[in-house]
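Some notes on the structure that comes next.
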Amino acid sequence: MAGSNIIDLNPELLAAAARDPKMADAFFELGLLYERHKNFALAVANFRKACRLNPSDDRPLYHLGRCLIMTGSKAEGEADIRGAQGMAV
């Protein structure tokens, strides 16, 4: 399902993100959807946007790190995971 059309999977979530481009939770949830369907490039883009919009939330940073590792950016991914773990403490 790597090539899945996420619009078909959750049109309401995409609509929410389009309606309010400052809704960090929508971008986080989109990132989770893309991650689940192994579309790591789009997951990374959405997690990065969620991190920019809500830098105090450790969840998108953690998942960003996981996806970066999956795309071969191991050092950057591990650093993000450590950062997220530090935020959660």
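All figures in this text were calculated on a predicted structure; none of them were measured in a lab.
Applying the side-chain hydrogen bond (donor to acceptor under 3.5 Å, both in side chains) test to every pair with at least one member in residues 45-58, sequence neighbours left out, gives these pairs: R48-E76, N54-S56, D57-R59.
For I69, the side chain to side chain contact (heavy atoms under 4.5 Å, CB included) partners are E78, I81, not counting sequence neighbours. Residues meeting the side chain to side chain contact (heavy atoms under 4.5 Å, CB included) test with E35, sequence neighbours left out: L32, F40, A43, F47, H63, R66, C67. For A45, there are no side chain to side chain contact (heavy atoms under 4.5 Å, CB included) partners, not counting sequence neighbours.
Interatomic distance, CG of L68 versus CG of L61, reported as 9.5 Å (0.5 Å rounding).
The shortest non-hydrogen separation linking P60 to A50 is CB-CB, 3.8 Å. Looking at every heavy atom in both residues, G65 comes nearest to D80 through CA-CB, 3.8 Å.
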